[in-house]
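One structure is given here, and the rest of the page talks about it.
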Amino acid sequence: MAFATEYRTHTCGDLKAKDVGKTVKLAGWVQNMRDIGGLIFVALRDHYGVTQIIFDAALNNEVFKLAESLKPESVIFIEGEVISRIQGNINKEMKTGEIEVQATNLEIDYLVPELPFTITDEVSCSEEIRLKYRFLDLRREKLHKNIILRSKVMSEVRRHMIAAGFNEIHTPILTVSSPEGARDYLVPSRLHPGKFYALPQAPQQYKQLLMCSGFDKYFQIAPCFRDEAARAGRSPGEFYQIDIEMAYVGQEDVFKAMEALFKDITPKVASKKKISLTKDGCFPRIEYWDALNEYGVDKPDIRYELKIKDVTEIFMDSEFKVFASNTKKGHCVKALVVEGCEHEARSFFDKMDAYAKEQGAKGLAYLNYKEDGLKGPIAKFLKETELEDLKTRLGLKIGDGVFFGAGKWLETCKIMGAVRSKIAELRDLVKDKDELAFCWIVDFPLFEWNEEEGKVDFSHNPFSMPQGGLEELKTKDPLDIKAYQYDLVCNGLELSSGGIRNHNPKIMYKAFEIAGYSKNDVDEKFGHMIRAFKFGAPPHGGIAPGLDRLLMIYADEPSIREVIAFPMNQRAQELMTNSPGDVAVQQLKELHLKIEVNK
RNA sequence: GGGGGCGUAGUUCAGCUGGUUAGAACGCCUGCCUGUCACGCAGGAGGUCGACGGUUCGAGUCCGUUCGUCCCCGCCA
C-alpha cells in the first residue's frame, strides 16, 4: 500500500491471490479491452504492472454501459472487488494473473481519440513518429524498462562510488570555450556583449582542478555537450559520462577502481550479463598497436578470436605485383584466416570483396586451402615457397580461407578490422549474447600526424602524461611517444577514455610545444591549469565511462536513443518539442546578436 | 561535407518489364457475442502513393530536383 494515493488503494502490479475479497480503487491506462458481449475485460496498466478489470452487465449494467465506450490508452479510475479467477482462467503470463477486479464503479478521466501508433513492443513504427510522440513511446514496456534501468544504474553507480570514498561534485554547465576537441555549443552572454559561454564537452579541466584543490576522489554523473554528428552509438548534442578522477594514483589504481565498479554493479542491474575476466580476475589489456595489428580497431570485440596476421615478410620479394608494390614501399600485407570456407560459394568471397571496397580497400584477395593446396584467383601469381610459408606461418588447415589486405599500415589494419567484424557477423561468432568482454586498450600514442595540416596533433587528450616524461619528449620522435592514456572497451564498443594526467608545468609546456602551441598560447588558453599545477598538483588521473553506452550494453539495445528518455534525432533536433526553435527578436537584441543565415 | 537505405491508408508493409476503380494485416467505426487476455465473427469508412518538375497516349512504378528519416564515412582531444 506504499503507493496508495487519492486515486488508488493499490497499483496495477500489486494485487495477488491474497488480496481476494478486498474492495480496492485502481487508476491507470486502458491497455486493451475485450468486449465479449455482456462481459468486458479491460487490461488496466500503470507504471507498476497490469491488472485485469471485469465489467459484468448482469451485475451492474450502468457501469457496463460506460465501459463499452472505453478507448485504448484512456485514463480511468475504477472501484471494485478483488475476485479470484477459476482454474482455466488464470493467466500465468501476468504477475496479477490469479485475480481480477470486478468493477462496481468506473470514472473515465479522459477518453483518448485514435492513437498515432499502437502501444506495444511488438508493433514497430517509424523513428520520426516515435520521437514526436515520445510520451506515448515511453509507455511501451521495453522503453519504459530501459529508462527505469537507467535510473537504477545511476543509483548503483552512486552507491558504489560513495562507498568507495568518492565525492560527487557538480561542475559548471556554463563554462568557457576551449581549443582542441569537438565543436562547442555556445551560449551568448547578455551582460558581456559579443562574448559566449560554452557548454562543457566534458568536465575534464574542472575535475583536474578539483584534484589540485585536495579532493581525493571525485565523481559526477555529468552531462557533456558536443556539437558533432550522431551515430547509432553516439547521441548528438548531449550525453552523460560517469566522470571520475583520483589523486595520487597511477594507471593501475584507476583500473582497479573501475574493475571494482563494473564487477559490483553489473550483477545488480543486469543479472543475466556475465563479465569475462582473465585468470587473475581482471579485465584483459591490449596495447594500442597490438589492437590495431590483431583486431584492426582500437576498440576490439574480443568475444571471438579471429585475429589478423601480418604476412608482409613473406611477400618482400613477391612477383605478385599487388603485394610486392606495397612491401617494397614499406607498407604491409595482412591476412585473416577464416575456418570452414570449404562450404562457401564464390559469392561469399565476392561479397567480402565488395564489402572491403566499401571500406576503402582496393580489393580483397583470397585463397582457399583445399586438399590439393592453396587455390584461388591469386594463387597463380604466388611462388611455391610463398604458399608454403603461408601454410606454416598461419597454421592453415584444410578448409581454411585466407583473406588478404595490402597497403599502408593503418588503412590496411582498419579495412581488415572491418572485414573481421563483418565475418563475425555473417558467421554469428558471438556465441553468448550475455557475455561482457571488457578490455583495456593501453599505451595510446600521445601525438598523431595531422595529414591535412601537416603537423603533429595531440591524439587523444592534451592533458595526458607522456610515458618517459620530459626526457622522452625532448629526445624521441613525437609520434613514437606513448601516453598514460587508456580506453575501456566492452564488446567492441568504446565505453570510456581516460588517462593519467600531465600535472607538471614543464612537461606540459613541452608537450604543447610539440603540438604547435607556444608558451604564450598555453598560458592564454590553459592559464588556470598551469597556475593550478604551479601551486602544487598531486599526480592524478581518471576516466569517464559513457553512461548511455553502458546502458546500451546492459539493455541490449543497438541504438542509443533506446536508453534516453527524450533523445534527439540524427540532425540534433528533439522532435517532440521541436528544438532547436526560433526565439523572439527581443531576445536576440538583449543578447546583442544578429542572425545571418548562409544559404 | 560525402555515400547508402527507406518514404504508398492511423500504423506496418505488398504493389512484377509503366496499363482499368492502388491492395493486405493491424488499428478505427457499426452490429453480434457472458470467460476474454493480441478475444472471435459479420459489415463499413479510410489514400494529394513525401513534394515539385520531366519523359509518355498513360507514372505509385522511369528520369531529375528537393524534403524528411535512418545507417555509414569524415568528425567526435
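Chain letters run A, B, ... following the sequence lines, proteins first and then strands; every chain starts at 1. Since this is a predicted model, take the numbers as computed values, not measurements.
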Find the distance A:Glu114:CD to B:rA9:P and express it as a whole number of Å.
13 Å

Euclidean distance, atom CZ of residue A:Arg34 to atom P of B:rC26 [Å, nearest integer]:
17 Å

I'd like to check the ring-ring contact (aromatic ring centres under 6.0 Å, His included) partners of A:Phe447; sequence neighbours left out, ordered by chain and number.
A:Phe458

State which of B:rC39, B:rC73, B:rC71 makes the closest approach to the side chain of A:Ala232.
B:rC71

How far, in whole Å, is B:rG18 from B:rC49 if one measures between their C1' atoms?
15 Å

When you measure from the side-chain N and O atoms of A:Asn32 to the phosphate of B:rA38, is any distance below 4.0 Å, counting only OP1 and OP2?
no

A:Phe64 CZ to B:rG35 C1': how many Å, rounded?
13 Å

Can a donor-acceptor pair under 3.5 Å be found between the side-chain atoms of A:Arg234 and the base atoms of B:rC75?
yes

Looking across every strand, which nucleic acid part, if any, lies under 4.0 Å from A:Ala58 by heavy atom: base, sugar-phosphate, or nothing?
base

Remember a base hit wins even if backbone is also touched, and classify A:Ile129 as base, sugar-phosphate or nothing at under 4.0 Å, heavy atoms.
sugar-phosphate

Are A:Glu228 and A:Arg183 within salt-bridge range, i.e. N to O under 4.0 Å?
yes

For A:Tyr206, give me all partners under ring-ring contact (aromatic ring centres under 6.0 Å, His included), at least two apart in sequence or on another chain.
none

Return yes if a side-chain donor-acceptor contact under 3.5 Å exists between A:Asp14 and A:Thr11, otherwise no.
yes

Would you kindly give the CD-to-P distance between A:Glu494 and B:rC75, to the nearest whole Å?
14 Å

Nearest 0.5 Å, please: how far is CG in A:Leu410 from CH2 in A:Trp449?
15.0 Å

Near RNA chain B, under 4.0 Å by heavy atom, which residues of residues 66-99 of chain A?
A:Lys71, A:Pro72, A:Arg85, A:Asn89, A:Asn91, A:Met94

Which part of the nucleic acid, if any, lies within contact of A:Gln52, taking any heavy atom under 4.0 Å across all strands shown: a base, the sugar-phosphate backbone alone, or nothing?
base

Taking a pair to mean Watson-Crick or G-U wobble geometry with both distances below 3.5 Å, B:rU21 pairs with none

Short side-chain N/O contact from A:Gln573 to OP1 or OP2 of B:rG68, under 4.0 Å:
no

Any strand is fair game: report the nucleotide pairing with B:rG58 by Watson-Crick or G-U wobble, both distances under 3.5 Å, or none.
none

What distance, rounded to whole Å, do you find between the two C1' atoms, one in B:rC63 and one in B:rC72?
27 Å

Name the pairs: protein N/O against N/O of nucleotides 41-45 of chain B, kept only if under 3.5 Å.
none

Heavy atoms under 4.0 Å, any strand shown: does A:Ala43 hit a base, just sugar-phosphate, or nothing?
nothing

Mind checking if A:Asp35 touches a base, just sugar-phosphate, or nothing, with heavy atoms under 4.0 Å?
base

CG (A:Asp480) and CG (A:Leu446) are apart, to the nearest 0.5 Å, by 11.5 Å

Out of the candidates A:Arg139, A:Arg45, A:Gln52, only one should pair with A:Gln31 under the side-chain hydrogen bond (donor to acceptor under 3.5 Å, both in side chains) rule; please name it.
A:Arg45

So A:Pro462, base contact, sugar-phosphate only, or nothing? Heavy-atom distance under 4.0 Å.
base

Apply side chain to side chain donor-acceptor pair (under 3.5 Å) to the pair A:Asp523 and A:Tyr509, showing each step before the final yes or no.
CA-CA 9 Å; A:Asp523 286 340; A:Tyr509 280 128; 2.5 Å; yes

Under 30°, 30 to 60°, or over 60°: which ring-plane class applies to A:Tyr486 and A:Trp440, parallel, tilted or perpendicular?
perpendicular

Specify the residue among A:Pro116 and A:Gln102 whose closest nucleotide of RNA chain B lies further upstream toward the 5′ end.
A:Pro116

Mapping A:Ala202 and A:Lys414 to their closest nucleotides on RNA chain B, which lands nearer the 5' end?
A:Lys414

Please enumerate all residues that pass ring-ring contact (aromatic ring centres under 6.0 Å, His included) together with A:Trp29, with sequence neighbours excluded.
none

Rounded to whole Å, how long is the line connecting atom CD of A:Gln31 with atom C1' of B:rC39?
15 Å

Per A:Glu127 side chain, nearest of listed nucleotides B:rU69, B:rU11, B:rC73
B:rU69

Nearest-Å distance, CD (A:Gln570) to P (B:rC67)?
16 Å

Per atom distances to the A:Glu100 side chain, the nearest of B:rC72, B:rG10, B:rG35 is B:rG35

How many whole angstroms separate atom CG of A:Asn569 from atom C1' of B:rG68?
10 Å

Answer with base, sugar-phosphate or nothing: what part of the nucleic acid does A:Arg130 contact at a heavy-atom distance below 4.0 Å?
nothing

Would you say a side-chain N or O of A:Arg183 is under 4.0 Å from OP1 or OP2 of B:rC75?
no

Can you check the A:Leu111 CG to B:rC28 P distance for me, whole Å?
12 Å

Under 3.5 Å, is there any donor-acceptor pair linking the side chain of A:Glu228 to the base of B:rG74?
no

Strand partner of B:rG64, provided both Watson-Crick or wobble distances fall under 3.5 Å:
B:rC52

Residue matched to B:rC39 through Watson-Crick or wobble contacts both under 3.5 angstrom:
none

For residues 559-579 of chain A, which residue pairs qualify under salt bridge (Lys or Arg N to Asp or Glu O under 4.0 Å), counting only residues two or more places apart or in two chains?
A:Glu127-A:Arg561, A:Arg130-A:Glu562

Salt bridge flag under 4.0 Å for residues A:Lys482 and A:Glu472
no

Which part of the nucleic acid, if any, lies within reach of A:Ser459 when heavy atoms closer than 4.0 Å are counted: base, sugar-phosphate only, or nothing?
sugar-phosphate

Ring-base stacking, A:Phe41 with B:rU36 (5.5 Å, 30° cut-offs):
yes

